[in-house]
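Since this is a predicted model, take the numbers as computed values, not measurements.
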Amino acid sequence: MTETQIQPQSINLIQAVNLAMDHAMAADPKVLALGEEVGDREEGGVMGVTKGLSTKYGDDRVKSTPISEQAIIGAAIGAAICGYRPVAEIMLMNFVTVAMDMITNHAAKLRFMSGGQTHVPIVIRTMTGSGFGTGGQHSDYLEAWFAHTPGIKVVAPSNPNDAYGLMRAAIEDDDPVIFIENLPSYWTPSEVTFEAIPIGKARVARAGTDVTIITHSLMVGHSLVAAQTLADAGISVEVIDLRTIAPWDRETVLAAVRKTGRALIVHEAVREFGIGAEIASTLHEALWDELKGPVKRLGGAFCPVPYSKPLETAFAPSADDIVATIKAMVAAH
Amino acid sequence: MTETQIQPQSINLIQAVNLAMDHAMAADPKVLALGEEVGDREEGGVMGVTKGLSTKYGDDRVKSTPISEQAIIGAAIGAAICGYRPVAEIMLMNFVTVAMDMITNHAAKLRFMSGGQTHVPIVIRTMTGSGFGTGGQHSDYLEAWFAHTPGIKVVAPSNPNDAYGLMRAAIEDDDPVIFIENLPSYWTPSEVTFEAIPIGKARVARAGTDVTIITHSLMVGHSLVAAQTLADAGISVEVIDLRTIAPWDRETVLAAVRKTGRALIVHEAVREFGIGAEIASTLHEALWDELKGPVKRLGGAFCPVPYSKPLETAFAPSADDIVATIKAMVAAH
Amino acid sequence: MDNYPKPDNATLLDIYRKASLIRHNDERVIKEMMAGKLVTPYYSPAGQEIIPSALSVSLTDDDKIVTIYRGTHDMLAKGFPLKPLWAELAGRITGSCKGKGGTMHLTHPETGCMVTTGVVGSSMPIATGIGWAAKLDGKGTVAVANFGDGAANIGAFHESLNMAALWKLPVIFLCQNNLYAEHTTFANSTLIARISDRAASYGMVGVTVNGNDPDAMYGVARLAVERARAGEGPTLIEAMTFRFNGHLVGDAGNYIPKDEIATARSKDPVPALRKTVIERGAATEAELDAIDAAIKAEIDEAVIAAFSADLPDVAELKRDVFAHELA
Amino acid sequence: MDNYPKPDNATLLDIYRKASLIRHNDERVIKEMMAGKLVTPYYSPAGQEIIPSALSVSLTDDDKIVTIYRGTHDMLAKGFPLKPLWAELAGRITGSCKGKGGTMHLTHPETGCMVTTGVVGSSMPIATGIGWAAKLDGKGTVAVANFGDGAANIGAFHESLNMAALWKLPVIFLCQNNLYAEHTTFANSTLIARISDRAASYGMVGVTVNGNDPDAMYGVARLAVERARAGEGPTLIEAMTFRFNGHLVGDAGNYIPKDEIATARSKDPVPALRKTVIERGAATEAELDAIDAAIKAEIDEAVIAAFSADLPDVAELKRDVFAHELA
Ligand SMILES: Cc1ncc(C[n+]2csc(CCOP(=O)(O)OP(=O)(O)O)c2C)c(N)n1
Ligand SMILES: Cc1ncc(C[n+]2csc(CCOP(=O)(O)OP(=O)(O)O)c2C)c(N)n1
Ligand SMILES: [Mg+2]
Ligand SMILES: [Mg+2]
C-alpha cells in the first residue's frame, strides 16, 4: 500500500490526512468518505481536510451529509458490512456523544456479536483541541471512553508523517478505528515519507535514560520541549509517542520504562479515569520490582474546558508542568 | 430528610428504590419522575420500580415517555434548571449511549459553563447486569465513562439499604447523579433503615487485615463470599463497598489499604481502562512506600458481553477468581 | 390498493410457506422455553407473520435486511436457515454467531440477514448505509430496515429517513406497527394516526397498509421494492398488525385489554391465509398439510441438532473482538 | 397572515429598539475582533435581528429561552444585559458566566436566557424540559427553543417535537432558517421546501413566516405565545431569513453565491424596519437617532467595563464543577 514513487515532502497535518485519503481512494474503489461538508460543494470540510476528494472521486463516493451524526455513522457501518471502507467525519470530538450508540453498540460489537460473520472497517475521523476559546462543548478529549470499549481501535497522530501513515493503516484495518486529529497541530508542516505506520506500535520520539514520558498527540511536542529543558538540567528523558492509544504498545512502553525506572504519563484529557490510569496501573503491575518510584500522571484539570484564556491555558499540562513534575520525581526517588 | 418514623424493613432493591422515590416525592413537590413506561398505565416500569408513583403523585409529575432518550434527558435537564428535581430512567445502561450528548455536554457542564448560575439536580436511574442472555447490547458497565466526565456523580448500590439511602441523597444532591442499578441484585431482600446515605462515602462491608478488596454493586457479594473462603484459608480480607464511584472515597480506601498493604479492585466492567485503573494508580502514588506488592485488578473480559451461558459466566470475575488472585498476591508479596 | 400488484397463486403459496414456518417456529421456541430447555429473552413475532412473508417473496439473497430483537419472522422469511438459527438460540458453537450473539443479534449474511439489533431505532441508520452500498454496487439490490411503532419516535428514525431520501437510496423502511411498544400503546406515544404520514417530512413516499392482509402487503412491498431497484428512492411502509403475546416471553401483557387481544386473535392472519390459499386454488388442504409437516420436521431436526451441539469454549471470549486476536 | 395580530406603534418601536441594539452590538463585536482586542469564535446574527425582536416583545422575564452559539440576537432581544454579556465575551470574572462559558455558553437566568449551546439540535430537548416545568408551575410561562435550519435534520428535533406535542407543553420551536448550515445550503440537506411542514408529523401547529418582516413575525410569534400560555401546546415556527456573514468571523463565505448575498443585503431588515417605524409615525428620524445613540453609548460603556475587568483566577477551575468544591 505504500506509494513508493512519492518523494518525501514537508506538509502539514491537514494535507497529510488529505493525501492519505486521496491515495487510499485511488488505490481502492471501496474506500469512501462522508460527513458534514466533506464535499467540494461545501469547500471540502470546514478545515479543508477532504478538499478535492469529491471532485476527484465523485459525489457518490464522497458524500456531504446533513447534520445527522447517528445517520453518518450508521451509513458508514452499513456500507462497511457490505464490503466498503468508509471514512466518516464527526466534525468535533464532542459530537461523537450524539453517535455513541452507533459507535459503541454497533461498530465496536458487530464482529463479535455475529461470531465474525460481519465486520466494520470504518475510520471515524474527528478533531479536538483547545486554545481557541470554543469552551466546554468543543474541546473534550474522549479517547478513554473508546479505549474502554472492546472492538474499537484508537489512534492519535502527533505530526503529519504519523497522520499520513496511521490514516493509511486505519483505512486498511479491518476493524473500526477512531482517528483523533488535534486542532492546534493542524498547521505545522514537517516531513512526510508516505508510508503506512502500523496500528498498535508506539514511536520513541526522543531517547533518554532517567525518566520515560508516555504521551500522544499535542502533548508529544510539549514533552519534547520539556525533555530539552531537562537535558540542560542534567536529566535525560525518553519520550514515547503512543500513536495508538488502543490497543497500546505495551512492549515498547514497558521496555522504555524498564530502562529508566521512572515514568510519567501526559495527556490533555482530564487526568481522573483517563488513559494514563490504565498505563500507570499496568506499569506498576508489570514492573513492580524495577520502578524507582510511582508512575506519575499529568492530565487536564477536573472541569469542562473553560473559555477565558488564563483558565483555558491552565487546563492542560504545559511543558513547565512536565519539567516540574519530572524534577520532583527524580528528587524523590 | 430521613423518615424517622419508618421502621426498618426487609425489602428488595426494587422496593427500596421505589420507596426512596415515593418518600422524596412526598417530601418535596419539586421531585419528578420520567422515562419509558414509568407510569402506572404502563405498569410502573418494566421492572416495576416506579409502580404506584403516577397514581399517587399524578401524571404531570410522573411521566411515561415515548422511546426518545435524548428528549427524556433533555426534559429532565430543562425542568432541573427551572428548580425541579427529576429522576429520569434510561431503561438499560447501554441506551445511555443515545443520550450521551445530553448527559455529558449539558447535564455535566451547565453549572460550570454558566459560572454557577444554573445547575442540574437530576438523577439518571439506569440498570445493567448480565446473566440473562441478553447479549452484547444490554449488559454494558459504563461507569468509567461518567467518572471521566467532570460534573457528574456516579453511585452504584450493592444492596437495598444503600439503594434507598443513596437514592434519597441523589435526589437531594444539587448535581447530576447517575444511579446504577444491577439487574441480578434486584430481588434479594435485606433490611433497610430508611436513612439517607451520603454520596462520596464508601462502606466497610467486612473488616480484615491482610488484603483490601475495593469493589461495588454485584461484585460486593462475590467479594464477601471470597473473603469468607479466604478466611477459612487463613487470609483476612477487608471488603470496601465504594457505593459512590465518582467522586470515590479516597480517604476510606486509602486508610483501608494502608492497613493491609495489599489491594485488589474488582468490577464487572471490562478491566482495561476501567475504574480500577484510576484507583490502582492513585493507590500506587499515595501509598508507594506502604504497599507490599502491586495493586491488582479484576474486571470483565475484553469483549462485548457474550450470549452463550459458559461465555457469559466467564465474562465477569467470580468469587473463585477473587480467591485465586488474592492467594497469588499473598504468596508473591 | 387497486393500483398495486397482486400475488399470483404460486407467490401466495410462497407467502404461506414462510408464514407457516414462522408460526411453527415461534410455537416451538416457546414450547422449548416452557419445557425449560431453552432459556433466552425471546420476543415472539406471533401475529406479524404476513408482513415479512409478503415482502420477502419480492427479495433475493442479495437484498439485505436489518431487523430487531423481535425479528425471527423477518429472518425466516428472508431465508435464514433453521439449523444455525436454533443453534444460536441454544448458545452453541454451531450457531450462526458461534453462540456469541444470541436471540437479539442473529446474523446470516449469506441470506442477507446482516444485522439484528437490540437497540430501538438503530436498524434505520445501518440500513441506510446498506442502501448506500447497494447504490454504489449498482446491481439494483435493496435494503430493508425493520422497526416497530415505538421506534418511530427516536431520533435515528428522523436522521435516517432524511438522509435516505436526500441520497435517493434503495431502502425500505418497514415499520411494523403492532400498536404496542413494550407496555406503551401507540396512541400514548404518538399523537398522529399514521406513522407513514411522517414520510412527507422527508420528501419520501409513505404508505400505511394492513400488514396482515397478504394481498395488500404484497402489493405495497412489491411496488416499494421495484421503486428502490429502479433508483427511485426509499419508501416508508407502515404495516398495521398486532402483537399476540406480551413484549417477551414472561410478560403476561396484562396492560392489553382482553378484548383487544381476543379481537386480534380472532383475525389470526396465518389460518386466514391458509383459507385464502385453498379458496384461490393455490394449494389443497392436503398439500398444505404436507408443507406444514415438512416444516415441522425441519424444525425438529434443527432443534435436535442445536441441543446436541457443543457449547463454545471460553477461549472464544478473545476471538472476534478484532480481526486478529490480541496478545 | 390576515388572521394574525399586528404590532401597534409602541410595540413596533420596541421591536426596532431590540433590532437596533442587536445590529449595533454585532458591529461592535466584529470591530473589536478586527482590532485584535477580542479573540473569540463569533457567529454573527446579522440579518436575523427581526426574528427574536418581534418575538420577545410578547415575552416577559419569566419566559425562558434556549439559544445557540449564533445567539446574541436572541439574548439581547430577551433582555440579557450588555455588561455581563461583554465581560463574558472578554473572558472576565465579571462576565455572566465568570468567563467560564464564553460566546457559546452565555447564560443569564434573570432575563430567562437559560442555556446557550454549541451542540446542534440540543436546544430543543432542553427547552422541552423548560416547557414541562412551566406547565407544572402553572403560571402560563413559555419556553422558546431557538435553532437553525441545519438542526432540523438531527434526531433531537424529532424526539423533542414529538414529546412536546404529546405532553401539550408551552414550547415554541423557533427555527431560524437562514438557508445555510455552515457551508451547506438548506436545499442540499433537506428535500422538502418548508421545515414547518414537519410539524404535521407530531400533531403540532407549524407555520413558515418571513422572519425579516416585523409584522408577520410579530403576528405568528404572538399567536404561538398565546396558544402556549393558554395551554394549547407547542408551535413550530420556521422564520425565513438570511445570514449576512460567513458561518463565523473568519469564514469568508465563498460558497455563497455573490448575488444571493447582494440580494439579501439589499433587503436588510434593520434599515427597512427603521423606515417602517418612521412611515407609521411610531417615531421620528430624530427620535430613532437618539435611541441609536443611547444604544451605542450603552454598548461603549459595556465594552470599556469588560476590558478593564479582571480575568478569572486559576482557582476558578475547581469551582462550579459541583455545588461543593471537591477536596
Ligand atoms: C434505545 C432503546 N431504548 C429502549 C429500549 C428498550 N425497549 C426494548 S423493545 C422496546 C419497545 C419497542 O417497541 P416497538 O418499536 O414498537 O417494537 P416492538 O417491540 O413492538 O416490535 C423498548 C422500549 C431499547 N431496546 N433501546
Ligand atoms: C451535533 C453537532 N454537529 C455538528 C456541529 C458543527 N456545527 C456547528 S454550527 C453547524 C451548522 C448549523 O447550522 P444551522 O442549524 O442552520 O444554524 P446556523 O448556524 O445557520 O444558525 C454545524 C454543522 C455541531 N456544533 N453540533
Ligand atoms: Mg410495537
Ligand atoms: Mg442555518
Chemist: Need one label for D/Thr117: side chain, backbone, both or neither, based on atoms under 4.5 Å from any heavy atom in chain A.
Modeler: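 When you check distances to chain A, atoms from both the backbone and side chain of D/Thr117 fall under 4.5 Å.
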
Chemist: Between D/His247 and D/Tyr180, is the ring centroid distance below 6.0 Å?
Modeler: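 Here the rings of D/Tyr180 and D/His247 have centres that are no less than 6.0 Å from each other.
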
Chemist: Looking at A/Glu181 and A/Arg125, is there a salt bridge between them, counting it only when a charged N and a carboxylate O are closer than 4.0 Å?
Modeler: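 Counted as a salt bridge, because a side-chain N and a carboxylate O are separated by less than 4.0 Å.
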
Chemist: Mind checking side chain to side chain contact (heavy atoms under 4.5 Å, CB included) for D/Ala302 and listing every partner two or more places apart, or none if nothing turns up?
Modeler: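 Only D/Leu82, D/Lys83, D/Trp86 meet the side chain to side chain contact (heavy atoms under 4.5 Å, CB included) criterion with D/Ala302.
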
Chemist: May I ask you to list the residues in residues 94-103 of chain D that approach chain A closer than 4.5 angstrom, counting heavy atoms only, ordered by number?
Modeler: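 Heavy-atom contacts from residues 94-103 of chain D to chain A are D/Gly99, D/Lys100, D/Gly101, D/Gly102, D/Thr103.
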
Chemist: Is A/Thr134 in contact with chain D via its backbone, its side chain, both, or neither, using a 4.5 Å heavy-atom distance?
Modeler: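 When you check distances to chain D, atoms from both the backbone and side chain of A/Thr134 fall under 4.5 Å.
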
Chemist: Taking side chain as everything from C-beta outward and backbone as N, CA, C, O, which of these in D/Val120 sits under 4.5 Å from a heavy atom of chain A? Side chain, backbone, both or neither.
Modeler: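 The side chain, not the backbone.
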
Chemist: I'd like to check the ring-ring contact (aromatic ring centres under 6.0 Å, His included) partners of A/His222; sequence neighbours left out, ordered by chain and number.
Modeler: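 ring-ring contact (aromatic ring centres under 6.0 Å, His included) check on A/His222 returns nothing, list empty.
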
Chemist: Would the D/Tyr202 and D/His158 ring centres measure less than 6.0 Å apart?
Modeler: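 That pair passes the under 6.0 Å test.
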
Chemist: Report yes or no: is the cationic atom of D/Lys37 (NZ for Lys, CZ for Arg) closer than 6.0 Å to the six-membered ring centre of D/Phe307, at no more than 45° off its axis?
Modeler: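 Relative to the ring axis of D/Phe307, which defines the angle, D/Lys37 lies inside both limits.
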
Chemist: Side chain, backbone, both or neither: which part of A/Phe95 has a heavy atom under 4.5 Å from chain D?
Modeler: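 Side chain of A/Phe95 only, per the 4.5 Å heavy-atom cut-off to chain D.
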
Chemist: Report, in residue-number order, which members of residues 307-322 of chain A are under 4.5 Å from chain D by heavy-atom distance.
Modeler: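 Listed by number, the contacting residues are A/Tyr307, A/Ser308, A/Pro310, A/Leu311, A/Ala314, A/Phe315.
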
Chemist: Is D/Arg28 salt-bridged to D/Glu32, cutoff N-O under 4.0 Å?
Modeler: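 Looking at D/Arg28 and D/Glu32, the cut-off is met.
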
Chemist: Quick check: does any side chain N or O of D/Asn153 sit under 3.5 Å from a backbone N or O of D/Ser189, one acting as donor and the other as acceptor?
Modeler: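 Yes; judged by distance alone, with no hydrogens or angles, the pair exists.
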
Chemist: Heavy-atom cut-off 4.5 Å, strictly under: side chain, backbone, both or neither for D/Asp313 against chain A?
Modeler: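 When you check distances to chain A, only backbone atoms of D/Asp313 fall under 4.5 Å.
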
Chemist: Measuring heavy-atom distances to chain A, does D/Phe157 have an atom under 4.5 Å in its side chain, in its backbone, in both, or in neither?
Modeler: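 No part of it gets close to chain A.
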
Chemist: Under 3.5 Å, is there a donor-acceptor pair between the side chain of A/Asn182 and the main chain of A/Ser217?
Modeler: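 The answer is no, because no donor-acceptor pair under 3.5 Å joins these two groups.
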
Chemist: Need one label for D/Ile93: side chain, backbone, both or neither, based on atoms under 4.5 Å from any heavy atom in chain A.
Modeler: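 No part of D/Ile93 comes within 4.5 Å of chain A.
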
